[in-house]
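Below: the structure, in structure tokens.
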Amino acid sequence: MKYNFNEIEAKWQKYWAENQTFKAVNNSEKPKYYVLDMFPYPSGAGLHVGHPLGYIASDIYARYKRHKGFNVLHPQGYDSFGLPAEQYAIQTGQHPAITTAENIKTYRRQLDQIGFSFDWSREVRTSDASYYKWTQWIFIQLFNSWFNNDTNKAEDISTLEAVFVSEGNLKVNAVCDDNIESFSADDWDAMSSEAKQKILLQYRLTYLAETEVNWCPELGTVLANDEIVNGVSERGGYPVIRKKMTQWSMRISAYAERLLQGLETIDWTDSLKESQRNWIGKSVGASVTFNVLPITNNQKPTTISVFTTRPDTIFGVSFMTLAPEHELVSQITTTEQKAEVDAYVLATAKRSERDRMADVKTISGAFTGAYAEHPFTKEPIPIWIGDYVLAGYGTGAVMSVPCGDERDYAFANHFNIPIINIFDGVDISESAFSDKEKTIIGNSDFLNGMNYKKATKRAIYELEQIGQGEGKTNYRLRDAVFSRQRYWGEPFPVYYVKGMPQMIDAAHLPIKLPEVEKYLPTETGEPPLGNATVWAWNSIDNKVVSNDLIDNETIFPLELNTMPGWAGSSFYFNRYMDPENPNEMASKEAMDYWQDVDLYIGGSEHATGHLLYARFWQKFLFDKGVVPVDEFAKKLINQGMILGNSAFVLIVKMNYVNEDSKFKIICRNDLKNSKEYFDEVIFENYIHSDSSFEKILDIQYIYSNIDISIINDITNELDIEKFKNHSLYSDYINGEFISNDDGKYLVTREVEKMSKSKYNVVNPDNIVSDYGADSLRLYEMFLGPLEQYKPWNTAGITGVHSFLKKLWKLYADDNGLKTTDTAPTKDNLKTLHKTIKKVEDDIENFSFNTSVSTFMIAVNELGAQKCTSKEILEPLLVLISPYAPHISEELWSQLGHERSISTVAFPKFDANHLVESSKNYPISFNGKTRFTMELSLDMSKDDIEAAVMAHEKTKEQLQGREPKKVIVVPGKIVNIVG
RNA sequence: GCUCAAGUGGCGGAAUUGGUAGACGCGCUGGAUUCAAAAUCCAGUUCUUUCGGGAGUGUGGGUUCGAUUCCCACCUUGAGUACCA
């Protein structure tokens with residue numbers, strides 16, 4: 001009987017699919033357990049070995065929980081809207097739906113061959129209309145809601161309207177836009193329908209607002225900070241400017257405090273919670289209003305409000321700084337300063353926010369010519385603009401206290417603005433003093449002599465007295481922009497009447513994505529949906545009709561933006577509970593049964609995107625009574641990335657006068673990617689000595705990623721023949737190859753992110769066909785801790801593969817099964833129970849790498865013990881089955897069992913088999929172990945000490961010295977000091 | 001810049017409460033088997049050494065009988081930083 005893994009794996013994968021072994025039911029006697037992976041975006045490149053890492057871990061856990069008697073929900077699906085399919089459509093004209101369907105097919109085939117225990121009957125795809133119907137439905141719910149600060153939750157917009165009708169908005173305590181004008185019930189009554197809609201929009205949880213974006217006029221699109229390199233677009237290198245655009249926003253800021261508090265109730269990693277805390281950025285301080293001094297008599301009075309965490313330093317304010325985009329800038333700038341200010345604003349518009357945050361060394365700014373008045377001293381304070389103040393943070397303006405803040409200090413120094421010292425006994429001639437705890441305020445009128453806490457309280461009190469400020473808690477969390485100028489995303493269920501957005505009734509959902517000729521923005525700069533010809537709403541028949549029919553009476557234009565990638569992923573975990581329900585996102589029964597995700601595994605790169613937005617939607621849906629819990633995932637683990645092992649050679653291109661270029665391909669394992677190295681080592685050793693050196697016009701160095709498929713994994717040798725036949729390297733066929741000193745053509749290895757563009761991708765398909773899925777699963781786990789980043793090295797897989805072969809041989813040889821009914825020996829039982837204990841602890845702690853080692857040790861030991869006892873080997877198989885399910889199923893059925901091993905109970909640990917009578921004590925001197933001694937565990941401390949002191953090696957170590965102290969920890973260690 | 005994470009043999013990593021550093025595997029070395037190779041099996045493999053031993057977990061300090069583990073400072077690498085998913 002041979003271990004024919006390809007045959008075995010195909011057989012059991014078929015068995016599981018046909019028998020629906022892993023189908024979860026929505027009600028059960030068993031306790032529920034929900035294990036979820038972050039669903040993948042199906043990219044065109046297919047899976048590489050890094051992708052399944054988290055899936056394997058969650059699959060092991062899901063299988064383990066089934067052994068432990070749980071009703072396990074372990075679904076999978078696709079986050080199938082996204083940019084890459086759209087880019088491909090722009091390039092090739094192929095509809096993104098087709099590309100996406102093809103990619104999903106590949107993903108599914110690849111996932112299936114790894115033997116996951118997914119319940120595929122629950123698959124969802126965010127780009128399916130039957131799914132995004134619910135994305136649109138949630139959007140409508142958000143639109144129809146406002147956030148009541150008094151109840152601290154979202155409520156239906158009708159309750160707000162009722163208040164407006166009866167008493168106006170004076171007493172309304174809501175999360176809403178800034179600067180909403182107050183009105184009475186009578187005012188409300190007198191308003192036109194449009195005016196009312198405008199006001200309500202300022203309260204809704206999703207609303208239209210002007211937002212600053214990175215606009216690239218050439219590409220006709222908005223770019224992510226990520227897509228901008230050195231102020232120009234990554235694609236094409238076109239200029240990018242900051243621009244205001246009307247877009248849908250989500251009022252996530254309403255939930256800032258609850259999102260922060262909720263972190264206390266969930267078991268997510270500390271680092272992830274920390275990122276979310278920072279993202280939410282709660283700071284307690286005060287808002288302060290400064291009056292702007294009028295320049296001319298007829299200028300109407302204006303104020304600047306700022307948020308500060310240090311109201312105690314108010315007497316240290318010597319200037320104010322506005323973000324260059326601040327709306328007051330154009331109003332207050334004097335004619336003399338206008339040119340300078342305009343130039344500065346223009347220059348800032350070209351810089352990305354990240355640039356502005358990261359660059360603290362270059363100080364720049366401009367004086368507006370205007371002055372504000374200090375609220376207490378009434379002194380004039382110059383108003384500057386500076387790009388270190390960001391428009392999106394706080395109010396986009398700061399009161400600058402150079403003595404207490406490094407950036408203000410640097411700014412003041414650079415522009416020769418006076419620095420007022422308001423700290424008692426602190427020297428600020430060299431740098432600012434920002435240590436709150438040690439602060440004693442001086443030179444500050446009524447705050448003199450107070451510490452930070454007292455002074456803060458008093459300053460706020462005094463500001464309130466004069467009506468120029470109040471205590472305030474500020475959150476850095478900004479409302480999330482929800483519009484995308486893309487094609488391949490969820491269309492909004494929105495049409496416009498007289499410019500005001502109207503929701504389509506939920507009964508008419510889904511509003512399906514229209515067909516377009518081109519996936520690019522229109523010539524007039526509208527989003528791709530502007531190309532659609534059938535994209536208007538007939539409000540009588542309630543259907544999408546041709547644009548020609550738009551009359552703005554009954555037929556209106558539809559929204560042209562689409563939703564962002566995070567829309568569909570913000571509630572999919574709920575949809576899995578009841579994925580085919582046509583009437584509800586999921587039935588109440590299903591959600592009451594499954595409640596929330598018990599274990600969620602995915603990448604840490606989603607820390608502040610998906611994971612924050614999804615929590616926000618969950619809280620909102622909880623407020624609306626749609627879902628039963630307000631946090632969707634109890635426990636979350638981040639899997640680390642598997643990195644690629646890239647290969648490099650250095651290609652030197654020498655260009656000649658009147659001659660073709662020549663190439664030298666330097667294949668050495670000691671290359672470095674630096675200009676100095678090229679100029680010194682490479683030039684001196686390989687170029688300067690060349691006979692035709694005199695004719696060289698110029699030299700190009702290309703430190704080039706080489707496709708790892710033409711490199712020997714173990715020896716790092718480059719296969720020159722394959723290189724010459726490779727389509728990528730056809731230019732270099734006639735080049736001169738330069739080897740290592742030993743004559744071998746080697747590559748330089750570097751660990752990088754695994755990516756198609758670096759030619760370092762390892763495809764799991766090859767691994768599965770060469771070694772089997774069980775080997776792949778074990779090896780991915782064996783590589784190291786789940787959370788850690790670690791490089792892939794295919795050569796190492798032979799270790800786990802030969803382990804599986806050894807495991808097989810424990811049960812069977814050429815003559816068939818060799819297991820027996822003999823009673824196990826003491827050693828057999830010790831090995832088994834040691835393994836049960838360790839593996840169970842490991843799985844509970846998500847330490848999957850150490851259990852693979854434990855299996856290896858167990859199989860090595862049982863092999864040495866020549867164990868054939870079924871009483872040992874059957875439970876061992878159950879232990880291994882979550883990790884290597886195919887081989888386990890096969891041997892299990894060979895052993896005569898009819899039912900799948902996945903249904904068997906996990907073996908029970910019995911500590912009695914591990915009881916020891918003696919211990920091999922390490923004997924250390926000054927903390928260094930020098931020898932060991934076997935001693936009985938029931939010896940007293942004194943007996944141990946006596947035995948150790950009598951040992952001749954102890955005398956040897958002490959060399960006649962008298963020990964100062966002897967520490968005996970029974971069962972652990974003996975340490976002799978002296 | 002800010003925030004977070006990680007640094008242990010040639011490599012991936014182990015040491016779960018402060019108690020024998022390097023488990024397990026890769027690679028390498030030697031041997032067995034073979035016409036040969038693959039596969040398999042056995043032994044060795046942190047460095048250094050005058051073969052007694054000595055040193056050693058990024059660097060420098062501290063706490064402790066004892067530190068990879070706790071504390072302080074620093075260095076290096078990686079990740080996130082609001083429209084990549």
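Each chain gets a letter, A, B and so on, in the order the sequences are listed, and its residues count up from 1.
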Query - is_close_aromatic(A/Trp617, A/Tyr572), centroid dist under 6.0 Å - result: no
Query raised in the report: Considering every strand shown, what is the Watson-Crick or G-U wobble mate of B/G1 when both distances are under 3.5 Å?
Result: B/U81
**Report entry** Pairwise side-chain contact, A/Phe846 with A/Phe848, heavy-atom cut-off 4.5 Å (strictly under)
**Finding:** yes
Report task. Give one of base, sugar-phosphate or nothing for A/Glu780, where a contact means two heavy atoms less than 4.0 Å apart. Result -> nothing
Report task. For A/Lys806, report the nucleic acid contact type (base, sugar-phosphate, nothing); a contact means any heavy atom under 4.0 Å. Result -> sugar-phosphate
Query raised in the report: How are the rings of A/Tyr771 and A/His801 set to each other: parallel, tilted or perpendicular (split at 30° and 60°)?
Result: perpendicular
Query raised in the report: So, is B/G9 syn or anti if syn means the angle is within 90° of 0?
Result: syn
Report task. Would you indicate which nucleotide in B/A79, B/C83, B/C65 comes nearest to any side-chain atom of A/Tyr789? Result -> B/A79
**Report entry** Side chain proximity check, A/Lys273 to A/Leu636, heavy atoms < 4.5 angstrom
**Finding:** no
Query raised in the report: Does B/G52 sit syn or anti, given that only angles within 90° of 0 count as syn?
Result: syn
Query raised in the report: Looking across every strand, which nucleic acid part, if any, lies under 4.0 Å from A/Arg486 by heavy atom: base, sugar-phosphate, or nothing?
Result: base
Query - Closest to the A/Leu83 side chain, choosing from B/A85, B/G25, B/G19 - result: B/A85
**Report entry** Complementary nucleotide for B/G52 - Watson-Crick or wobble, under 3.5 Å
**Finding:** none
